[in-house]
Amino acid sequence: MDGPHDLGGKDGFGAIDIDAPPFREDWERRQWALSKNVPSGPNTIDFWRHGIENMDHAAYLTQPYFIKWCLNEIAHRIDQGMFTMDEILTGIPESRTDPPASPLDMEGTLARLRANNVDFRTQMATPPAFSPGDRVRTLNTPVSGHTRLPSYARGHEGTVIAHHGGHLYADAGAQGEHRGEHLYTVEFTAAELWGSDDPDSNCLDLWEPYLVRA
Amino acid sequence: MDGPHDLGGKDGFGAIDIDAPPFREDWERRQWALSKNVPSGPNTIDFWRHGIENMDHAAYLTQPYFIKWCLNEIAHRIDQGMFTMDEILTGIPESRTDPPASPLDMEGTLARLRANNVDFRTQMATPPAFSPGDRVRTLNTPVSGHTRLPSYARGHEGTVIAHHGGHLYADAGAQGEHRGEHLYTVEFTAAELWGSDDPDSNCLDLWEPYLVRA
Amino acid sequence: MSSYDGKKLGRLHRHLHSHLPSDPELRVKALESLAVEKGLVAQETIDTWIEMYSEKVGPMRGAQVVARSWTDPAFRERLLADAGQAIKEFGYEGHATEHLKAVENTSDTHNLVTCTLCSCYPFALLGMSPLWYRSQAYRARAVREPREVLKEFGVTLPATAQIRVWDSTAELRYLVVPQRPAGTEGWDEDALARLVTRNSMIGTDRDLRVT
Amino acid sequence: MSSYDGKKLGRLHRHLHSHLPSDPELRVKALESLAVEKGLVAQETIDTWIEMYSEKVGPMRGAQVVARSWTDPAFRERLLADAGQAIKEFGYEGHATEHLKAVENTSDTHNLVTCTLCSCYPFALLGMSPLWYRSQAYRARAVREPREVLKEFGVTLPATAQIRVWDSTAELRYLVVPQRPAGTEGWDEDALARLVTRNSMIGTDRDLRVT
């Protein structure tokens, strides 16, 4: 979607604060840990992302990073029926079906971290449409739902530099549909994307439905 | 520029408040009148617009409409040397070269309103590259300065439906350069721009440098 | 002299935004006071301008123009050929009207006007623009989902009718000429003008009601 | 069950944003308390997770991998062929590393990693991402003006060197392998690892200093 998150190439952003540490506040650490330790329910990572993309533009631009995560975690729990709005606003659980969770020790959290390693590959019944070296063009039609073709790379020609086989397709995943599409890395020259004179390039990982032969 | 102002076609904006009146507060009326009555100095309308486009994204999205005008009026006066930053922050003029302005009565303001009618036409030495009926394609390269080709219409094919002769070129005007380019109205189908099934279309007024033959 | 440096203006905006009082009324007052002190404008002129825009300049001007186009075929031709010129017959010219275009609705077509990049509007002809016209929601949505937008304004179009959405990207401005309602045969210009709503001249209203 | 309705989530976001206390600490506390009360997580697990990310998981993991690629040609080959697999030799796999790609800098090329659409990052390998990596300024600018961005980080590239900017748009993640600095012949893996900065593995640092 053409939401507030699609920032690549946008003008008007100033200097980068290169010295800020990963965490500044304790609650940031806690939110990070919560996001990774509370069972995420049936949601896909892409529907999770889509939740943040659907924030108001101004809120997206002004809220602290981990507050966006916090609001999104809560919104997803409510959407899934794990929490009610009343429960989160009052802090009082209406129902408690489960016993308290058992604490994990350091070995347990390290094991959970390793287990978070998710494989997104899928078996494909159809052969890939493109091979490395092929010239392709990205579509130039906006998508209202979740998609991972940023607006700066729409309607542009590039070269396929890698084929990764089938990967779960983000656009479908955000609708709860678990199916793969062939995934490629496509390289675009800076001249093509930005009209730049520099010899630079941009590489994006793009699924086959985003591409046509150039 | 790909700034916060380029809103056409963006997702994530909700219902339109169709009942709000043109002015809600007195200060809105006063700002409107100020913007139209204080001599604007040497600036072009397009450099004026470019000032607002250069606001921080979050401020652009959250500040009231006429406050954006107010800040922009002040910023332009300071840029032109009519005001200093100290003067506006303290409210105390450091210098006062002119006598108080004479008040205008109703006839005077009506006459000023009529005199605000600015002709943007220019004589062109070169013939137009396109004629009504021609198929054209818009450029798909972002411009860092002021430009009036919205991102939603980039890299798309449309049909020229009118040629208006030479008009002062916004992109140059925002850099203080007063020169004309041929101006056209180009119609794009909703299918082309949005992948829509509706029989609708979008018409934009676009200068020749934005266009190539399709 | 102007710097013509957009980034410099952006820095000035940020500085002003963080140093001026946050109350919008005080911000405008700061500009007005200094402009008056510096002899750039008289306070009375501001008051008169506000009175003018509240009493003399507004949608009734556009309505008069539309009504005449319904009753005077020669004027209609002049309006469609060069609306910026035609409205001078009323003395209605002013900011943002020199390059006015009149676009007529028909039973098969509807016109809708927006400005996605800022909020261009034929002020001298229609008065100050409604807040919704300047809203981010309208500017974002009108070009992409005009039928949804029109529904919010209570306008439903047949699926086969074509909507033309005019995005005011240059100095041309657009006046939608709504269809003359049935049952008004023989009405005079003033009576007809009273039927023409502001929104119908922007395109967010369509079927005028005979009252 | 999940609704898979993005607009519904947007409404929930707006409702939460306007009804929860505005203090960020209280917002996170609201989520944590309810999650603990509901038996979804133990508070001690949160504490342990934080300790783990502060002591066991961080850029030193990536640095170890880079150092081994400098000293062990067979490992370097495995890393370049399938970095997600290669880091399992260290037990460094975890969220966002299964489809890791290692991209090597050379004297003529430089690699820079970003995620313009959100802030994807190989967390299990490099720890929490630096705030600048998640900033709107970096996400907006890195793809369009990488040389300006690098200058802000103190990196100036020859005009003829090519920068490849990797935008993490799918589930692939990128690890930049910086060049081994001269004057480190014979150094062991641990000594070399201490030279590898976090930023050099993202691409906002280039010439490692021998200290």
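Every chain is numbered from 1, with letters handed out A, B, ... down the list of sequences.
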Enquirer: Taking the side chain as everything from C-beta on, heavy atoms only, tell me whether L34(A) gets closer than 4.5 Å to V28(D).
Expert: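 Yes, side chains in contact.
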Enquirer: In sequence, state the C-alpha distance, the side-chain angles, and the governing distance for N37(A) and L40(D), and then conclude on side chain to side chain contact (heavy atoms under 4.5 Å, CB included).
Expert: CA-CA 8 Å; N37(A) 279 281; L40(D) 297 171; over 6 Å; no
Enquirer: Just by modelled atom types, is the E98(D) backbone N or O under 3.5 Å from a matching donor or acceptor in the N117(A) side chain?
Expert: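 Answer holds: yes.
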Enquirer: Chain A heavy atoms under 4.5 Å from A30(D): which part of the residue, side chain, backbone, both or neither?
Expert: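 Contact with chain A: backbone and side chain both.
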Enquirer: Is it the case that over 12 heavy atoms from other parts of the model lie below 6.0 angstrom from the CG atom of D23(D)?
Expert: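 Count over threshold, so yes.
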Enquirer: Within the supplied structure, the quantity of interest is the number of heavy atoms (other residues, nucleotides, ligands) at a distance under 6.0 Å from E77(D) CD; does it exceed 12?
Expert: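 At most 12 heavy atoms, drawn from other residues, nucleotides or ligands, come within 6.0 Å of this atom.
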Enquirer: Whether the side chain of H99(D) engages the backbone of F120(A) through a donor-acceptor N/O pair (distance < 3.5 Å, no angle test) should be reported.
Expert: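 Judged by distance alone, yes, a pair lies under 3.5 Å.
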Enquirer: Would you compute the distance between atom CG of D79(A) and atom NZ of K8(D) and round it to the nearest 0.5 angstrom?
Expert: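 These two atoms lie 4.0 Å from each other.
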Enquirer: About how many Å separate OG1 of T62(A) and CD of Q136(D), when rounded to the nearest 0.5 Å?
Expert: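 Here the interatomic distance stands at 8.5 Å.
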Enquirer: For R148(A) and S168(D), indicate whether the former's side chain and the latter's backbone hold a donor-acceptor pair under 3.5 Å.
Expert: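 Side chain of R148(A) to backbone of S168(D): a pair is present.
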Enquirer: Under 4.5 Å heavy-atom distance to chain A, tell me which part of H95(D) shows up: side chain, backbone, both or neither.
Expert: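 When you check distances to chain A, atoms from both the backbone and side chain of H95(D) fall under 4.5 Å.
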Enquirer: Looking at CD1 of I78(A) and CG of L9(D), how far apart are the two atoms once the value is rounded to the nearest 0.5 Å?
Expert: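 Those atoms lie 10.0 Å apart.
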Enquirer: Between A174(A) and chain D, which part of the residue has a heavy atom less than 4.5 Å away: side chain, backbone, both or neither?
Expert: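 Contact with chain D involves the backbone of A174(A) alone.
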Enquirer: Do T48(D) and D105(A) have a side chain donor and acceptor closer than 3.5 Å?
Expert: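 Short answer, no.
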Enquirer: Let me know if D5(D) has heavy atoms under 4.5 Å from chain A in its side chain, its backbone, both or neither.
Expert: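 It is the backbone, since no side chain atom gets that close.
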Enquirer: Using side-chain heavy atoms (C-beta onward) and a distance below 4.5 Å, is I16(A) in contact with V149(D)?
Expert: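 They are in contact (side-chain heavy atoms under 4.5 Å apart), so the answer is yes.
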Enquirer: What part of I67(A) gets within 4.5 angstrom of chain D, counting heavy atoms only: side chain, backbone, both, or neither?
Expert: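 Only the side chain of I67(A) comes within 4.5 Å of chain D.
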Enquirer: Side chain, backbone, both or neither: which part of R14(D) has a non-hydrogen atom closer than 4.5 Å to chain A?
Expert: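 The side chain, not the backbone.
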Enquirer: Check whether K88(D) gets within reach of chain A through its side chain, its backbone, both or neither, counting any heavy atom under 4.5 Å.
Expert: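 Looking at K88(D), just its side chain touches chain A.
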Enquirer: Let me know if A15(A) has heavy atoms under 4.5 Å from chain D in its side chain, its backbone, both or neither.
Expert: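 Both backbone and side chain of A15(A) come within 4.5 Å of chain D.
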Enquirer: Using a strict threshold of under 4.0 Å (side-chain N to carboxylate O), is an ion pair present between R141(D) and D11(A)?
Expert: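 No.
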Enquirer: Go through the atoms of T44(A) and report whether side chain, backbone, both or neither lie under 4.5 Å from a heavy atom of chain D.
Expert: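 For T44(A), backbone and side chain are both near chain D.
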Enquirer: With only heavy atoms counted, which part of L61(A) is less than 4.5 Å from chain D, the side chain, the backbone, both or neither?
Expert: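 Interface part for L61(A): both.
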Enquirer: Considering only heavy atoms, which portion of T204(D) lies under 4.5 Å from any heavy atom of chain A: side chain, backbone, both, or neither?
Expert: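 No part of it gets close to chain A.
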Enquirer: Is P21(D) in contact with chain A via its backbone, its side chain, both, or neither, using a 4.5 Å heavy-atom distance?
Expert: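 For P21(D), no heavy atom lies under 4.5 Å from chain A.
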Enquirer: Using a 4.5 Å cut-off on heavy atoms from C-beta on, say whether the side chain of P22(A) contacts that of Y53(D).
Expert: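 The answer is no, as the side chains (C-beta and beyond) never meet within the 4.5 Å cut-off.
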Enquirer: So which residue, S33(D), G84(D), C118(D), ends up with the most heavy-atom pairs under 4.5 Å with chain A?
Expert: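 So the answer, after comparing S33(D), G84(D), C118(D), is C118(D).
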Enquirer: Checking R24(A) against chain D: side chain, backbone, both or neither under 4.5 Å from a heavy atom?
Expert: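 R24(A) touches chain D through side-chain heavy atoms alone.
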Enquirer: What option among F83(A), Y65(A), W32(A) has the most heavy-atom pairs under 4.5 Å with chain D?
Expert: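 The answer is W32(A).
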Enquirer: Do the side chain of T169(D) and the main chain of D205(A) share a donor and acceptor less than 3.5 angstrom apart?
Expert: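 Yes, because the side chain of T169(D) sits within donor-acceptor range (under 3.5 Å) of the backbone of D205(A).
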Enquirer: Examine distances only and state if a side-chain atom of K38(D) and a backbone atom of M82(A) form a donor-acceptor pair shorter than 3.5 Å.
Expert: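 The answer is yes, because a donor-acceptor pair under 3.5 Å joins these two groups.
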Enquirer: Evaluate the side chain to side chain contact (heavy atoms under 4.5 Å, CB included) criterion for residues R134(D) and F66(A): first the C-alpha distance (whole Å), next the side-chain angles of each, then the deciding distance (0.1 Å), finally the verdict.
Expert: CA-CA 10 Å; R134(D) 294 171 254 148; F66(A) 281 113; 3.5 Å; yes
Enquirer: Under 4.5 Å from any heavy atom of chain D, what part of R49(A) do you find: side chain, backbone, both or neither?
Expert: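 Side chain only.
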Enquirer: Checking side-chain contact (heavy atoms from CB on, under 4.5 Å) between T109(A) and each of I50(D), V57(D), T45(D), which is the one that passes?
Expert: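 Of all the options given, the one that passes is T45(D).
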Enquirer: Does any heavy atom of chain D fall under 4.5 Å from the side chain of H5(A), the backbone, both, or neither of them?
Expert: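 Answer is both: backbone and side chain atoms of H5(A) are under 4.5 Å from chain D.
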Enquirer: Could you tell me whether a side-chain N or O of W194(A) sits under 3.5 Å from a main-chain N or O of V143(D), the two making a donor and an acceptor?
Expert: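 Answer holds: yes.
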Enquirer: Verify, without hydrogens or angle tests, whether E32(D) (side chain) and R30(A) (backbone) share a donor-acceptor contact under 3.5 angstrom.
Expert: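 Checked: no pair found.
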Enquirer: Once you round to the nearest 0.5 Å, how far does CD1 of I46(D) lie from CG of L104(A)?
Expert: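 The distance works out to 9.5 Å.
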Enquirer: Against chain D, label H76(A) side chain, backbone, both or neither, depending on which of its atoms sit under 4.5 Å from a heavy atom there.
Expert: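 When you check distances to chain D, atoms from both the backbone and side chain of H76(A) fall under 4.5 Å.
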Enquirer: In terms of heavy-atom proximity below 4.5 Å to chain A, should Q43(D) be classed as side chain, backbone, both, or neither?
Expert: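 Both parts, heavy atoms under 4.5 Å.
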Enquirer: Taking every non-hydrogen pair under 4.5 Å, which of W207(A), F47(A), F23(A) racks up the most with chain D?
Expert: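 When all of W207(A), F47(A), F23(A) are compared, F47(A) has the most.
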Enquirer: Considering residues, nucleotides and ligands other than E25(D), do more than 12 of their heavy atoms fall under 6.0 Å from its CD?
Expert: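 Check fails, neighbour count at 12 or below.
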Enquirer: Measuring only between side-chain heavy atoms, which start at C-beta, is H19(D) closer than 4.5 Å to M85(A)?
Expert: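 A side-chain contact is absent here, since even the closest heavy-atom pair is not under 4.5 Å.
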Enquirer: Where does the angle between the aromatic ring planes of W69(A) and F123(D) fall among parallel (under 30°), tilted (30 to 60°) and perpendicular (over 60°)?
Expert: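 Perpendicular: the ring planes of W69(A) and F123(D) meet at over 60°.
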Enquirer: Tell me, side chain or backbone of R198(D) under 4.5 Å from chain A's heavy atoms, or both, or neither?
Expert: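 For R198(D), the side chain is the part near chain A, not the backbone.
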Enquirer: Quick one: pull up CG in L89(A) and CG in L16(D) and give me the separation to the nearest 0.5 Å.
Expert: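 CG of L16(D) is found 6.5 Å from CG of L89(A).
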Enquirer: Do you know which of G94(D), A42(D), G10(D), S54(D) has the most heavy-atom pairs under 4.5 Å to chain A?
Expert: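 Most heavy-atom pairs under 4.5 Å with chain A: G94(D).
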Enquirer: Please classify the contact of T160(D) with chain A as side chain, backbone, both or neither, using a heavy-atom distance under 4.5 Å.
Expert: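 The backbone, not the side chain.
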Enquirer: Below 4.5 Å, heavy atoms only, C-beta onward: do H17(D) and M55(A) meet side chain to side chain?
Expert: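 Sidechains of M55(A) and H17(D): no contact.
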Enquirer: Any chance you could measure L7(A), atom CG, to T114(D), atom OG1, to the nearest 0.5 Å?
Expert: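 Here the interatomic distance stands at 9.5 Å.
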Enquirer: Checking heavy atoms, do the side chain of Y92(D), its backbone, both or neither come under 4.5 Å from chain A?
Expert: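 Nothing of Y92(D), per the 4.5 Å heavy-atom cut-off to chain A.
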Enquirer: Which bit of T147(A) is near chain D, if near means a heavy-atom gap under 4.5 Å: side chain, backbone, both or neither?
Expert: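 For T147(A), backbone heavy atoms alone lie under 4.5 Å from chain D.
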Enquirer: Heavy-atom cut-off 4.5 Å, strictly under: side chain, backbone, both or neither for S129(D) against chain A?
Expert: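 Interface part for S129(D): backbone (N, CA, C, O).
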Enquirer: Quick one: what part of A161(D) sits under 4.5 Å from any heavy atom of chain A, side chain, backbone, both or neither?
Expert: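 When you check distances to chain A, only backbone atoms of A161(D) fall under 4.5 Å.
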Enquirer: Tell me, side chain or backbone of Y133(D) under 4.5 Å from chain A's heavy atoms, or both, or neither?
Expert: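 Neither part.
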Enquirer: Mind listing the closest non-hydrogen atom pair of F13(A) and A137(D) along with its distance?
Expert: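 For F13(A) versus A137(D), the nearest heavy atoms are CB-CA, 3.7 Å.
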Enquirer: What residue in R77(A), E28(A), Q80(A) has the most heavy-atom pairs under 4.5 Å with chain D?
Expert: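 When all of R77(A), E28(A), Q80(A) are compared, Q80(A) has the most.
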Enquirer: Does R179(A), at its CZ atom, have more than 12 non-hydrogen atoms belonging to other residues, nucleotides or ligands within less than 6.0 Å?
Expert: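 Yes - once you tally the heavy atoms of other residues, nucleotides and ligands closer than 6.0 Å, there are more than 12.
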Enquirer: Heavy-atom cut-off 4.5 Å, strictly under: side chain, backbone, both or neither for E187(A) against chain D?
Expert: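 Looking at E187(A), just its side chain touches chain D.
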